[in-house]
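I have placed the structure first, in the form of structure tokens, so that the comments after it can refer back to it.
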Amino acid sequence: MPRLLRRRSKKVGLPPGSLVYTGEKVFAPAKITVIDYDDKKYAEREAASFDECPVFSPEPGVTWINVSGIHQVANLEKLGECFHLHPLVLEDILNIDQRPKVEDYDDYLYIVLKTIRPGERLDEITVEQISLILGRNYVLSFQEGNTDIFAPIRDRLVAEKGRIRKSGPDYLAYTLIDLIVDHYFVVLETCAEQIETVEDGVVSHPTPTTLKDVHRFKTDMILLRKSLWPLREVIARMERRESPLIEDATSVYFKDVYDHTIVAIETVETYRDILSGMLDIYLSSVSNRLNEVMKVLTIIATIFMPLTFIVGLYGMNFKYMPELEWHYGYYMVLGFMAVVALIMLAVFKKQKWL
Amino acid sequence: MPRLLRRRSKKVGLPPGSLVYTGEKVFAPAKITVIDYDDKKYAEREAASFDECPVFSPEPGVTWINVSGIHQVANLEKLGECFHLHPLVLEDILNIDQRPKVEDYDDYLYIVLKTIRPGERLDEITVEQISLILGRNYVLSFQEGNTDIFAPIRDRLVAEKGRIRKSGPDYLAYTLIDLIVDHYFVVLETCAEQIETVEDGVVSHPTPTTLKDVHRFKTDMILLRKSLWPLREVIARMERRESPLIEDATSVYFKDVYDHTIVAIETVETYRDILSGMLDIYLSSVSNRLNEVMKVLTIIATIFMPLTFIVGLYGMNFKYMPELEWHYGYYMVLGFMAVVALIMLAVFKKQKWL
Amino acid sequence: MPRLLRRRSKKVGLPPGSLVYTGEKVFAPAKITVIDYDDKKYAEREAASFDECPVFSPEPGVTWINVSGIHQVANLEKLGECFHLHPLVLEDILNIDQRPKVEDYDDYLYIVLKTIRPGERLDEITVEQISLILGRNYVLSFQEGNTDIFAPIRDRLVAEKGRIRKSGPDYLAYTLIDLIVDHYFVVLETCAEQIETVEDGVVSHPTPTTLKDVHRFKTDMILLRKSLWPLREVIARMERRESPLIEDATSVYFKDVYDHTIVAIETVETYRDILSGMLDIYLSSVSNRLNEVMKVLTIIATIFMPLTFIVGLYGMNFKYMPELEWHYGYYMVLGFMAVVALIMLAVFKKQKWL
Amino acid sequence: MPRLLRRRSKKVGLPPGSLVYTGEKVFAPAKITVIDYDDKKYAEREAASFDECPVFSPEPGVTWINVSGIHQVANLEKLGECFHLHPLVLEDILNIDQRPKVEDYDDYLYIVLKTIRPGERLDEITVEQISLILGRNYVLSFQEGNTDIFAPIRDRLVAEKGRIRKSGPDYLAYTLIDLIVDHYFVVLETCAEQIETVEDGVVSHPTPTTLKDVHRFKTDMILLRKSLWPLREVIARMERRESPLIEDATSVYFKDVYDHTIVAIETVETYRDILSGMLDIYLSSVSNRLNEVMKVLTIIATIFMPLTFIVGLYGMNFKYMPELEWHYGYYMVLGFMAVVALIMLAVFKKQKWL
Amino acid sequence: MPRLLRRRSKKVGLPPGSLVYTGEKVFAPAKITVIDYDDKKYAEREAASFDECPVFSPEPGVTWINVSGIHQVANLEKLGECFHLHPLVLEDILNIDQRPKVEDYDDYLYIVLKTIRPGERLDEITVEQISLILGRNYVLSFQEGNTDIFAPIRDRLVAEKGRIRKSGPDYLAYTLIDLIVDHYFVVLETCAEQIETVEDGVVSHPTPTTLKDVHRFKTDMILLRKSLWPLREVIARMERRESPLIEDATSVYFKDVYDHTIVAIETVETYRDILSGMLDIYLSSVSNRLNEVMKVLTIIATIFMPLTFIVGLYGMNFKYMPELEWHYGYYMVLGFMAVVALIMLAVFKKQKWL
């Protein structure tokens, strides 16, 4: 089972705004990528820490700072100072057990999302928390680990594909969220294929492994659902343009991602229903098979017990047992037993047990 | 299991508005039918591609362009230019994994629907995506395959039946949607008959095939439900006449289709309830039968085990066993065993096992 | 299982407003009863068809036309003309698979209801569609068959009981609807009694018939629920007096029927819960009994298998078996076996199997 | 099972306002208690019927008339005339199958409630309908039977405890309702204790009686829930002070009862959840025990069947069976069988069956 | 099972506002801690009872009075007088079976919460009721027992950590509530670890203990849920700042606790889903194992019953049984039996029973 709850208890009793990283300790250094772009220019540079705050030119370019690895608290504090972030925002970025949400701090929007991807082992899903800060001319993004999940967006920026270079930071935020939602479909498709395989097995030849699989997928769907519902809510609020940071033209794109999220949610709910049904089918299949096994046992016992009784009967050592003396006694008994067995078989045949 | 999720992952990381057909590749050429009609005239012609945009005369006629087969992206792009469609609309027409929805682009309404029909094999349901664009004096309809599902409407146009020739494009859109909803009833009726057959079997003689059928119908109902709920929403929005493209007189007809959709939804929900109940009944039936089998086994064992013990007893080779010498010993044992067997039977009779 | 879905497919592709009767074909002629009444007068006459439209005198009397048997489409068309009914209303009256609803056509209200009554066989419920048209000074009622369900109302009109003769057509509509709701209670009471009988059996002596009964009642409750919920909605709208056709004084009576409907719905929901519980109890009871059966089998086998082994042992034909020569060998073995059997019984006693 | 539905069918076809008592016929005479009180005075007298209407002095005192036993319709009619009650109110007082509700008739509020108390047998709950009429300076209360449930209130009035003597009829109504809600807790506590006892048994030693108990408590909870939800609604409407008959100062007390009702509802819902869980546990326990029984059977059969076969083998009467002639043949067979039995036991041990 | 319902029945029939402690009687004296603090000063003193009301200086300091042990009713009455508390508030503080709620009495807010912590035994959860009174310049807190749960807050006050010393009583109330919510996570984490352990066992080696554990955790989750939902409601109302006692700057902190509560609720709901699934898996596992056991029994019986019959056959004492005289008869029978056994084994192999 993937971790449902991470070490929140580390923080019991601490005053709010205390910067504590609640994830697993990571010792690799964080990677900071700063990208400046507008219609004409594109500049990208990397940094390991923040020494001074980035200077924003008055031109209408967009600055995108991506931080991979949020365990170095000092970096975050510096960044917080530069962009005048509220202490609770910094605390939430570090607390990787947040629920997806969007918060409006007038000057910027703070967005928390969960991205998922297939884990290292086939049957695992990795959940990672992504925090976005959308300001008037910048976007800050924070990832837990250093998987380069935003590479396609950077490629698109370099390649000048689509309207991304011509648009503002809200459109950049949209493309990041769109990518995150797309990742849900990748995982859902992988699950879908495996569930279909399991489903074929559940009626025809149920095994304990089938059971384990069904249980695992059910738990997966519960987890997906848990991050998709609040994600829907976040995107709905973006689309409704409650903040002036989202432009009119971008809203229709958020509507589009919103529709995707709904499709994802409905798919998850559908799979949950189907998996619940599969468990019932499994139980019925197992009962069916038990029935078959018991019929075999009953048939065998019903045929051989009377026969064994009869041969036992003539194995008795009484002095006066006339049948034993008959010349054809043995053959008569053999014949009688054949008749008994055939009658039994006929009865079973009639009751459709055979 | 019908595909629940189609290849959405093809598009991960692509910029929005990229035209990618997400269905199975089809190599038959698309078929484009252009119909011009009004109260007096009716003209129909076919085309394989768009070379030039259709010219609209200022008269109050209606143009209906039906595209069967949407895998030829070039055609769509041309059409999009002619009718000034938003890139996201074109993208959605091609992405056949849309959720039924209606979107208002001021100049036109974009409507996505799912039509279902019985598949080739008896136990399959084919789902196809239909996109409609309702403009001021035109209707565009897009189908995935080239099944001629709109033939009855064309016939009615030719035959001048009903008020269709006298009405505008909104009424044409209504007839198309009405037809799509009617198809749900065709499928529901087929299911209904089969479910009734299965239901009769579930109590009287449950077999593993029954189980498979119940499971299949449950999945079918889940799928029907998944496309009916958003369909309801779409039609409700049409009826509420949120767009000026829907005339007052047409609204009452949309109310009518809306009622049909509700009936369809309730029927699906009712069947789901009944099918869930059937699974419980199935499980109980199987348990019942197991009980019967076990009773047979227990009766047989309970009668013959003591008897076999008794005959074994007198099969012992002890030198001094007085009974063996008795003249009527054999008959006394036979009698005793008959008494034992009768007592056993009486006990079973009393416990209602027989 | 009662029909859940009637032949709607007859109408696929037909233009809206096509008058097609979707019920089973009936060849008995329809019966039309026209009743004129006010505070002072009461006149009743029967007709087989409409030749001319009824003339309404300017006095404040009420005209009630009841049509039993709606399969004669020509009658309906004539009536529609007389009362200026919308084609969709006529279509809906004929389509007996409507969902209970109320529609406001300004000049009149169109109300669809379902009445139920116990069917011919004990375990059947007959559902019939009743359509009401409530105009300024008339009420039209349409029934599928020709059971005289409205007889008590006619009797009350004749007998001048209650305030019915002094009130307008809205009060008449109320009494008709009240009667229909009362019929639900008749059916519910019949079910209630039978369910209580079944419930007693489910714990004490579960049989496959019990199972069949539980399943049947569950389906009945699903069906009752399906017609009660929209009925509630219809009456709620009548009570809220959305149309000026309902007078102030009548509204409090509709509130009363509304309360009855809620009681009916809650009773149905409660029975559904109880029946679901009964199925669980049934399954547990069957498992319990299986357990009992298996205990009997195990006790018998555990006692007699070792004994049979022992007697088999001394039935062996080895030349040198000293025990066989002992004078009290036989009695010693008998005693030993008695001890074994008693120990077994003691163990079972201790484990509470006996 | 307590009656869920009482003889409503008595009234099918009767005009509204017909006074028909729907409870079981009772022949004891009704008891009418009239209490007049204010800050200074307290007067109580009993009556068997109403001969004349009570005269209200202009002073600000409160009159409380309690009617125990509502089967004497004549009394009610007289009372109705005195207090100008609507015919539907009188009808509802007599119809003891009402849903808890509050109705505002401007001059008075009509309140229907259900009181419960433990029945005569331990496992029964008695439900009784209480009707209250709250007027400007009077409260009328109607009970089905003549259990003196309001005695504590009368005692408090006599003893001048609390603010009751200083307050108006709305406060009196509050104390009556508060007492009724308190009775729910008495029943809930009794249930709670019994459920805890049953719960202990369900895992450790499940018996069919346990099953019966769980089923009974589930039905009880369904019934409690059915009367608590509308009760909540009634009290919420009293608290919101929709009628001027409820004074500002009393509203905070109704808020208090409202909170109690919520606690009662949540307790009932919690018990429902726990009882549902107990049924699952029961079923699993029974399956577990079946497993244990079957293991015993299998172990016995697996050990003794091969042994019985071996001793049968050497019981054969073939002329040439060399082993039979061996001097130590018997002991060798005994040794061999001991080895077989020990191997079997070792296998079972390894598979954790022992 | 933890107590779901405490002795509420003690109070049936008592007038509202009666001060009755509904918890278990405790004889340890209550402990009262009075803390005065502001930006500069911090004073703490203990008291066993209230002799005189605390005097509030006009300076903007905060007074926090914590009462551990509420069974001494006299103390409470005195306190109530000092702070002009409503009698219903005092009654509610003593009634430890309240639902979490917040009530606005203009001058102060009355807040009831439930705190949980792991009980003394590993598998127990202790629920305690905490009442808070938030006034203009004071906070009163009441605990049932005398566990010092608020120690971290006192330490933070002493250490001047965070903004607590600079803020008003609303911020103090926030820190108390935040601490209470944090405790839920401590319990949830303990449960989470144990549930994961149980889950591993449920598929691989299900035992009755597993069952007991699953049942216990399900009950725990039901209880947690029962206190978390109203807690959410309480905090939501605090955050919405319905009372002027909550300052603007504090609202964002309440939003933060609100988010935590949502995470806790979702975690509880997720565990409930997973535990329900585990029960299904358990039942299926047990059925699977029964199947395995029965297969072993059937295999043993199917192989040895025919063989035992054969050896019994040649143990018969008929005079004329030619086979018995054959020289190799014994070996032929041995061979024949070996063939029979091998055929049986092959059949089982083919049916995948082995």
Side-chain angles (χ1 to χ4, degrees), chain A residues 1 3-5 7-9 11-13 15-18 86 88 91-92 97-99 101 103 205-206 208 211-212 214-215 218-219 222-223 226 279 282-283 286-287 289-290 293-294 296-297 300-301 303-305 307-308 311-312 314-317 321 323-330 333-334, chain E residues 152-153 155-156 161-164 174-175 178-179 182-183 185-186 188-189 192 195-196 199 203 252-253 255-256 259-260 262-263 266-267 270-271 273-274 277-278 280-281 283-285 287-288 290-291 294-295 297-298 301-302 305-306 308-309 312-313 315-322 352-353:
Chain A
M1 187 164 66
R3 288 252 143 182
L4 275 175
L5 202 70
R7 299 280 111 206
R8 216 165 236 278
S9 55
K11 301 189 56 181
V12 171
S18 310
H86 194 281
L88 279 175
E91 192 194 353
D92 280 359
D97 201 22
Q98 294 292 313
R99 196 176 176 259
K101 65 177 175 182
E103 276 174 2
H205 40 80
L211 196 61
K212 222 177 261 180
V214 170
H215 182 55
K218 273 189 89 170
T219 310
I222 290 171
L223 290 181
K226 208 185 150 197
L279 211 60
Y282 181 85
L283 202 55
V286 169
S287 290
R289 304 202 129 210
L290 182 61
V293 171
M294 293 312 301
V296 170
L297 178 60
I300 289 291
I303 290 174
F304 282 102
M305 278 193 158
L307 300 187
T308 304
V311 300
Y314 293 108
M316 290 196 298
N317 296 322
M321 285 179 70
E323 298 97 320
L324 295 181
E325 315 293 324
W326 297 353
H327 198 272
Y328 295 105
Y330 175 48
V333 163
L334 280 187
Chain E
I153 308 294
D155 293 351
R156 216 194 292 168
K161 256 202 242 156
R163 38 172 292 188
I164 191 165
Y174 150 71
T175 54
D178 189 40
L179 189 71
D182 277 353
H183 276 292
F185 283 98
V186 177
L188 272 174
E189 277 174 23
I195 290 175
E196 278 172 43
E199 194 182 26
V203 185
V252 63
Y253 289 96
K255 171 90 188 82
D256 202 57
D259 287 345
H260 294 179
I262 296 288
V263 172
E266 288 190 343
T267 309
T270 306
Y271 279 129
D273 281 356
I274 290 176
M278 274 162 72
D280 290 340
I281 298 292
L283 202 55
S284 304
S285 283
S287 290
N288 254 330
L290 183 60
N291 240 335
M294 292 313 299
K295 276 185 188 170
L297 178 59
T298 305
T302 310
M305 278 193 158
T308 304
F309 164 69
L313 191 72
M316 291 196 298
N317 296 322
F318 282 101
K319 262 218 173 106
Y320 309 99
M321 285 180 70
K352 314 226 159 157
W353 286 22

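Just the heavy atoms: all of them, side chains too, but no hydrogens, waters or symmetry mates, feed the values below. Quick note on labels: first sequence line is chain A, next is B, and so on, each numbered from 1.
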- request: Check the pair A:D92, E:D256 against side-chain contact (heavy atoms from CB on, under 4.5 Å), reporting the backbone distance first and the verdict last.
  value: CA-CA 9 Å; A:D92 280 359; E:D256 202 57; 3.8 Å; yes
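- Within a 6.0 Å radius of NZ in A:K212, other residues, nucleotides and ligands contribute 12 heavy atoms or fewer.
- Options A:E325, A:K101, A:K218, A:E323 differ in how many heavy-atom pairs under 4.5 Å they form with chain E, and the most are formed by A:E325.
- For a residue to count as touching a neighbouring chain, one of its non-hydrogen atoms must lie under 4.5 Å from one of that chain's; by this rule E:K255 touches chain A with the side chain only.
- Side chains of E:S284 and A:V286 form no contact here, defined as non-hydrogen atoms less than 4.5 Å apart.
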> Between E:D280 and A:Y282, is a side-chain contact (heavy atoms from CB on, under 4.5 Å) present by the stated rule, with each step listed?
Replying inline: CA-CA 10 Å; E:D280 290 340; A:Y282 181 85; over 6 Å; no
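- Of the two parts of A:V214, neither the backbone nor the side chain holds a non-hydrogen atom closer than 4.5 Å to a non-hydrogen atom of chain E.
- In this structure, the side chains of E:F309 and A:F304 come closer than 4.5 Å at one or more pairs of heavy atoms.
- When heavy atoms are compared at a cutoff of 4.5 Å, A:M321 does not approach chain E at all.
- Atoms CZ and OG, on A:R289 and E:S287 in that order, are 13.5 Å from each other to the nearest 0.5 Å.
- The two atoms that bring A:G329 and E:F318 nearest to each other are C-CE2, 3.5 Å, heavy atoms only.
- A:V293 places none of its side-chain heavy atoms less than 4.5 Å from the side chain of E:L297.
- Inter-residue side-chain proximity for E:K319 and A:H327 is flagged as unmet; no heavy-atom pair is nearer than 4.5 Å.
- Residue A:L334 touches chain E through its side chain alone, counting heavy-atom pairs closer than 4.5 Å.
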* **Audit row: A:L290, E:L290, side-chain contact (heavy atoms from CB on, under 4.5 Å) steps and yes/no** => CA-CA 8 Å; A:L290 182 61; E:L290 183 60; 3.7 Å; yes
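- Proximity to chain E is limited to the side chain of A:I222, based on heavy atoms less than 4.5 angstrom apart.
- For E:I164, no part sits under 4.5 Å from any heavy atom of chain A, backbone or side chain.
- Under a 3.5 Å cut-off, the side chain of E:N317 and the backbone N or O of A:L324 do not form any donor-acceptor pair.
- E:T267 is listed as a side-chain neighbour of A:K226, based on a closest heavy-atom distance under 4.5 Å.
- Scanning all heavy atoms of the two residues, the minimum distance from A:W326 to E:Y320 falls at O-CD1, 3.5 Å.
- Under the 4.5 Å side-chain criterion, counting only non-hydrogen atoms from C-beta, E:D259 is in contact with A:E103.
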Run the side-chain contact (heavy atoms from CB on, under 4.5 Å) test on E:M316 and A:V333 for me, step by step, so that the C-alpha distance in whole Å, both residues' side-chain angles and the decisive distance to 0.1 Å come before the verdict.
CA-CA 10 Å; E:M316 291 196 298; A:V333 163; 4.2 Å; yes
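- Put simply, the side chain of E:D273 does not reach to within 4.5 Å of the side chain of A:T219, judged on heavy atoms.
- Contacts with chain A were tallied for E:I262, E:T175, E:D155; E:I262 has the most, counting heavy-atom pairs under 4.5 Å.
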